[in-house]
A.B. asks: 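Have a look at this one.
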Amino acid sequence: SALARLRSVRHCSTQRYLQHVESTGRTWYIVPVLPDRWQGAGSASAAAEVIEEVQPRRVIFELCPARLARLVQREIERSAPAAPRGPVAKVISRLDVAKHVHGGLMEQELYPALQSARKVGAAMHFSDRPEKTTKNRLAQKALHPLALSNLAQFAAHSVRARAALTLDRRKEITDLMELMSPGAFTVLVDERSKGLFFSAMQVSQVKDSSIVVVCGAPQADRLMALLRGEISGADSVAMKEFVRRSAPMWPIFVGVYVIFPVAVTAAMTYEIVFHFMFPPAPPENRPAVPIVTG
């Protein structure tokens, strides 16, 4: 019955999604998704179940055009769901921190929710800046050696803690991220949450009874705080910072951390080898010139 369904939705709201009801009657369902989680709370399947239960008119996904295109292309190539039904054993690249760190760029985890949104006939909106821009912004924040070291340490910690991470403990690792790597927190969580908020405000101009937002766990908490007015800062300046294009930082990293050390090492090696093979000539033994005084 409708009453039983409403009770089930309210019960699961405390476990699988965050709920916010506006004064106009519009209801927001913010669904947090954990990386590489396929079953249980915070999983890809849970996000899909929420969409099928709520049956919203509109669904907002934390996806950029490039990641969406890869999902669609993978579906075409395999003629099957792009996301596997179980855990995936994959090699985590140390060079792609933006995808594997807590609050990073998710891709396959959102595919079951895409399928469910298509199934219920909801209008889908995709709100995230291009992944290249996010990676360049993250590289700018990690340009300093100390910031780069802190980011690497937190990335290693978040990957180790990924298997045991639950929705109840997501705020602990988010707070640790803000403490250890504030630059990564700003780029991956704060700026992208504000981007989701701006997209939500644009979508909310259409009078729909329910809107579902599927995003990462730290972005979900931040977006909910913005919707409730608990935190500020989602203004035009923040929007310009979110959409601002950043120049690629890899040439600077290559120059600072590869070319310059190699050049200095080569110069010192050449100096040592040259003096070893061609030692300086000894001083000639010349007779001392007598000093004549007046």
Side-chain angles (χ1 to χ4, degrees), residues 5-6 8-10 12-22 24-35 37-75 81-83 85 103 105-131 167 189 192-228 234 242:
R5 180 180 176 183
L6 178 60
S8 66
V9 169
R10 288 180 177 176
C12 70
S13 66
T14 59
Q15 299 178 359
R16 292 183 295 175
Y17 57 80
L18 307 174
Q19 187 175 2
H20 173 62
V21 180
E22 296 181 352
T24 58
R26 185 184 296 108
T27 304
W28 294 89
Y29 301 89
I30 315 300
V31 185
V33 179
L34 298 173
R37 188 65 52 84
W38 306 100
Q39 299 294 333
S43 65
S45 59
E49 292 172 0
V50 169
I51 294 177
E52 294 182 8
E53 290 179 3
V54 176
Q55 293 190 359
R57 294 282 302 276
R58 299 178 184 274
V59 181
I60 303 176
F61 292 93
E62 187 189 276
L63 274 175
C64 68
R67 286 180 284 154
L68 176 62
R70 286 197 295 268
L71 287 177
V72 174
Q73 183 64 28
R74 192 175 295 113
E75 180 183 13
R85 298 180 181 274
L105 306 174
M106 291 190 297
E107 188 172 323
Q108 294 190 22
E109 294 87 345
L110 303 182
Y111 189 81
L114 284 172
Q115 284 186 310
S116 296
R118 186 187 306 169
K119 180 179 178 180
V120 302
M124 293 182 285
H125 304 265
F126 305 99
S127 171
D128 202 359
R129 60 188 171 195
E131 61 178 343
L167 287 180
V189 178
R192 297 171 65 214
S193 301
K194 292 175 181 178
L196 278 172
F197 177 77
F198 282 111
S199 297
M201 292 299 99
Q202 293 177 357
V203 172
S204 64
Q205 295 177 1
V206 181
K207 296 183 178 180
D208 291 331
S209 58
S210 60
I211 301 176
V212 172
V213 182
V214 183
C215 58
Q219 290 83 2
D221 295 327
R222 199 79 174 175
L223 176 60
M224 181 57 65
L226 288 168
L227 289 173
R228 293 175 177 174
F242 174 74

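Note that this is a predicted model, so its numbers are computed, not measured.
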A.B. asks: Is there a side-chain contact between Val54 and Ser210 (heavy atoms, below 4.5 Å)?
C.D. replies: yes

A.B. asks: Roughly how far, to the nearest 0.5 Å, is SG of Cys215 from CG of Leu196?
C.D. replies: 5.5 Å

A.B. asks: Kindly write out the residues that satisfy salt bridge (Lys or Arg N to Asp or Glu O under 4.0 Å) with Glu131, not counting sequence neighbours, or none if the list is empty.
C.D. replies: Arg70

A.B. asks: Is the side chain of Gln219 donor-acceptor paired with the backbone N or O of Gly103 at a distance under 3.5 Å, no angle test?
C.D. replies: yes

A.B. asks: Under 3.5 Å, is there a donor-acceptor pair linking the side chains of Glu52 and Ser116?
C.D. replies: yes

A.B. asks: Side chains of Asp128 and Leu105: closer than 4.5 Å at any heavy-atom pair?
C.D. replies: yes

A.B. asks: Kindly compute the distance separating CD (Gln202) from CZ (Phe197), expressed to the nearest 0.5 Å.
C.D. replies: 11.0 Å

A.B. asks: Out of the candidates Leu223, Ile30, Leu167, only one should pair with Leu18 under the side chain to side chain contact (heavy atoms under 4.5 Å, CB included) rule; please name it.
C.D. replies: Ile30

A.B. asks: Main chain of Arg222, side chain of Ser193: is a donor-acceptor contact present, judged purely on distance under 3.5 Å?
C.D. replies: no

A.B. asks: Excluding sequence neighbours, so at least two apart, what forms side chain to side chain contact (heavy atoms under 4.5 Å, CB included) with Ser199?
C.D. replies: Ser127

A.B. asks: Rounded to the nearest 0.5 Å, what's the gap from CG on Leu114 to CG on Leu63? Could you check?
C.D. replies: 6.0 Å

A.B. asks: Could you pull out the closest heavy-atom pair between Val59 and Ala122, with the gap in Å?
C.D. replies: CG2-CB, 3.8 Å

A.B. asks: Quick one: side chain to side chain donor-acceptor pair (under 3.5 Å) partners of Arg37, sequence neighbours excluded?
C.D. replies: none

A.B. asks: Please name all residues satisfying side chain to side chain contact (heavy atoms under 4.5 Å, CB included) with Ala113, sequence neighbours left out, ordered by chain then number.
C.D. replies: Ala47, Ile51, Phe61, Val214

A.B. asks: Please list, chain by chain and in numerical order, all residues satisfying side chain to side chain donor-acceptor pair (under 3.5 Å) with Glu62, sequence neighbours excluded.
C.D. replies: Arg192

A.B. asks: With sequence neighbours excluded, what pairs up with Arg228 under the side chain to side chain contact (heavy atoms under 4.5 Å, CB included) test?
C.D. replies: His20, Met224, Glu230

